[in-house]
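Computed from a predicted structure; not experimentally measured. Computed from heavy atoms alone, side chains included, the values below leave out hydrogens, waters and symmetry copies. In what follows, chains carry the letters A, B, and so on, assigned in the order in which the sequence lines appear, proteins first and then strands, with residues in each chain numbered from 1.
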Amino acid sequence: TENFVGHQVLRIVPSSDAELQKVRELQELEHLQLDFWLSPRGLGDPVDIRVPFPSLQPLKAHLEANGVPYSIMIEDVQALVDLEQMQMLRRRRF
Amino acid sequence: MPFSTSTFDYTSYHTLDEIYAFMDLLVAENPNLVSKLEIGHTTENRPIYVLKFSKGGTNRPAIWIDTGIHSREWVTQASGVWFAKKVWADLTSPKGLANILDQMDIFLEIVTNPDGFVFTHTSNRMWRKTRSKHSGALCVGVDPNRNWDAGFGGSGASSNPCSETYRGPYANSEPEVQAIVDFVKSHGNIKAFISIHSYSQLLLYPYGYTTTAVPDKEELHQVAKEAVAALSSLYGTNYKYGSIITTIYQASGGTIDWTYNQGIKYSFTFELRDTGRYGFLLPASQIVPTAQETWKALEVIMAHTRGHLY
């Protein structure tokens with residue numbers, strides 16, 4: 001089973017054309033294995049990216065170096081997946 | 001599994017087997033109203049089922065609703081289960097759905113991508129695509145919402161099999177897509193087609209592959225506006241609406257672009273609620289509120305369709 005330990009979902013809300021362009025460019029960085037939950041749309045529209053643990057530091061450094069603000073939407077994806085699984089098991093037992 | 005659809009747990013996520021068992025229960029409880037159609041098989045040879053709600057008649061005008069074409073969007077399949085029960089529950093209501101079903105049939109495909117859905121339960125919760133394999137490619141699966149014959153291969157879809165938006169080798173390459181194409185064509189009298197995704201709180205109409213506005217834009221925009229107002233009236237959930245390409249981005253090979261081009265005027269796609277906190281991992285406690293508010297919008301679209309048969 002695929003493990004998402006340490007994966008985070010980052011939220012970026014581009015507020016300028018330059019930021020939007022920087023976020024669009026992230027889609028080309030295949031080596032980071034980013035999973036765009038919400039792809040770039042336009043200014044003010046959130047972009048949500050699931051970031052594998054090994055890519056977290058490089059990506060955050062890249063964003064900070066380019067002055068692109070971000071927030072952490074999900075701290076640990078696996079924690080939510082585990083919670084979801086536990087709830088399903090509990091319901092089934094009940 | 002429960003012994004009836006009344007004791008089924010609508011507040012929890014379920015596996016494919018559980019959802020298919022629910023469908024069988026619903027059919028067994030209401031054989032005069034509900035039937036289960038097998039419209040095809042997946043790459044991994046799972047049956048693809050559609051529930052048909054009908055008061056009888058032959059080839060009546062129909063409304064199509066599908067959920068779960070992107071397998072990781074679990075709240076959509078869960079909402080589909082709730083919709084199925086809701087259609088039955090509202091049948092005795094003197095207004096609304098009862099009136100619609102007097103004239104029209106409803107088709108509901110709860111798990112549009114069964115292989116992907118099973119994969120999300122067993123191997124990778126974040127799987128989005130189908131499970132088809134392609135010679136010469138290491139990566140598996142096609143984005144079934146880029147695989148339709150509407151601007152296929154254009155911008156807004158990837159030719160890279162490892163991309164989440166891989167369009168596939170050719171239009172309708174995915175049996176999950178081909179099954180719906182065959183069904184829609186053979187039925188020939190579907191008047192509304194609603195494809196449900198999550199998440200970003202949008203109600204969209206064609207086109208996605210071109211900036212050319214659809215001829216029915218004004219009407220579709222007005223219907224979307226009314227549907228969103230109805231949806232928001234329940235819990236205040238804020239939706240945007242508009243054409244795909246103007247509201248989100250260019251996307252070729254999309255479902256409702258194809259259905260619209262087939263002559264199904266009332267073609268819409270939803271992106272269900274997003275709390276801004278969970279994305280595809282929406283807690284199960286939000287299934288029923290999500291389904292309830294979405295149903296409000298669906299009622300508007302269905303009622304408008306019934307009132308404007310063409």
Side-chain angles (χ1 to χ4, degrees), chain A residues 1-14 20 23-24 26-53 70-94, chain B residues 1-2 7-15 17-18 70 72-75 78 119-129 139 156 158 160 162-165 197-202 204 240 242 244-251 271 274-287:
Chain A
T1 301
E2 186 84 14
N3 194 298
F4 301 100
V5 172
H7 291 217
Q8 291 187 343
V9 179
L10 303 187
R11 170 162 283 197
I12 302 168
V13 185
L20 186 60
V23 177
R24 286 195 170 125
L26 295 178
Q27 293 176 297
E28 311 302 321
L29 305 178
E30 288 181 5
H31 65 285
L32 293 178
Q33 295 189 300
L34 305 179
D35 174 13
F36 281 78
W37 284 15
L38 292 182
S39 296
R41 285 178 278 167
L43 298 183
D45 290 321
V47 179
D48 293 342
I49 312 169
R50 178 173 60 83
V51 188
F53 180 70
Y70 64 88
S71 59
I72 298 172
M73 179 171 129
I74 297 177
E75 192 78 39
D76 183 357
V77 171
Q78 188 61 39
L80 278 183
V81 171
D82 289 343
L83 185 66
E84 192 177 66
Q85 282 300 313
M86 200 173 66
Q87 286 175 339
M88 285 175 72
L89 280 172
R90 232 184 245 157
R91 292 273 184 188
R92 222 167 271 148
R93 283 200 198 109
F94 176 73
Chain B
M1 287 297 292
T7 55
F8 186 85
D9 185 3
Y10 298 92
T11 66
S12 179
Y13 290 116
H14 294 275
T15 64
D17 288 343
E18 289 168 350
H70 286 149
R72 66 185 176 182
E73 299 168 7
W74 277 14
V75 74
F119 201 68
T120 61
H121 278 274
T122 56
S123 302
N124 183 343
R125 174 65 181 84
M126 288 304 133
W127 193 259
R128 160 191 166 100
K129 301 190 284 185
C139 295
S158 175
N160 175 2
C162 295
S163 166
E164 293 288 2
T165 56
H197 293 246
S198 79
Y199 63 92
S200 51
Q201 297 178 189
L202 300 167
L204 306 168
K240 288 182 182 174
I244 296 169
I245 196 166
T246 58
T247 310
I248 44 174
Y249 39 67
Q250 186 167 23
E271 295 279 355
D274 159 33
T275 63
R277 294 179 61 193
Y278 300 107
F280 298 119
L281 294 163
L282 196 68
S285 59
Q286 294 201 36
I287 294 170

- When you check the gap from the basic side-chain N to the acidic O, do D274(B) and R11(A) get nearer than 4.0 Å? yes

- Message: Can you tell me which portion of R72(B) sits under 4.5 Å from chain A's heavy atoms? Options are side chain, backbone, both or neither.
- Response: side chain

- If you round to the nearest 0.5 Å, how far is CG of L282(B) from CD of E84(A)? 9.0 Å

- Message: Counting C-beta onward and ignoring hydrogens, is there a side-chain heavy-atom pair between M126(B) and W37(A) closer than 4.5 Å?
- Response: yes

- Message: Which atoms of N3(A) are under 4.5 Å from chain B, going by heavy atoms: the side chain, the backbone, both sets, or neither?
- Response: neither

- Is it the case that more than 12 heavy atoms not belonging to F53(A) sit under 6.0 Å from its CZ atom? no

- Got V9(A) and Y278(B) here, is their nearest side-chain heavy-atom distance under 4.5 Å? no

- Which heavy atom in T122(B) sits nearest to a heavy atom in T1(A), and how many Å separate them? O-OG1, 3.2 Å

- Query: What do you reckon, is CD of E2(A) surrounded by more than 12 foreign heavy atoms closer than 6.0 Å?
  - Reply: yes

- Query: Is chain B contacted by the side chain of R90(A), its backbone, both, or neither, given a heavy-atom distance below 4.5 Å?
  - Reply: neither

- Task: Taking the side chain as every heavy atom from C-beta outward, state whether E271(B) and L38(A) have any pair of such atoms under 4.5 Å apart.
- Result: no

- Item | Closest contact, heavy atoms only, R41(A) versus S200(B) | NH2-CB, 4.2 Å

- Is atom CZ of R277(B) surrounded by more than 12 heavy atoms (other residues, nucleotides or ligands) closer than 6.0 Å? no

- Query: Given R125(B) and L80(A), is the side chain to side chain contact (heavy atoms under 4.5 Å, CB included) satisfied, shown in steps?
  - Reply: CA-CA 11 Å; R125(B) 174 65 181 84; L80(A) 278 183; over 6 Å; no

- With side chains defined as the heavy atoms from C-beta onward, is the minimum distance between N160(B) and E30(A) less than 4.5 Å? yes

- Item | Inter-residue atom distance R91(A).CZ - T11(B).OG1, 0.5 Å rounding | 3.5 Å

- So which heavy atom on W74(B) is nearest to which on Q85(A), and how close? CH2-NE2, 4.2 Å

- Query: For the residue pair Y249(B) and P40(A), what are the closest heavy atoms and their distance?
  - Reply: CD2-O, 3.5 Å

- Message: Using heavy-atom distances under 4.5 Å, tell me whether F4(A) contacts chain B through its side chain, its backbone, both, or neither.
- Response: side chain

- Would you mind reporting whether T165(B) and Q27(A) have side-chain heavy atoms less than 4.5 Å apart? no

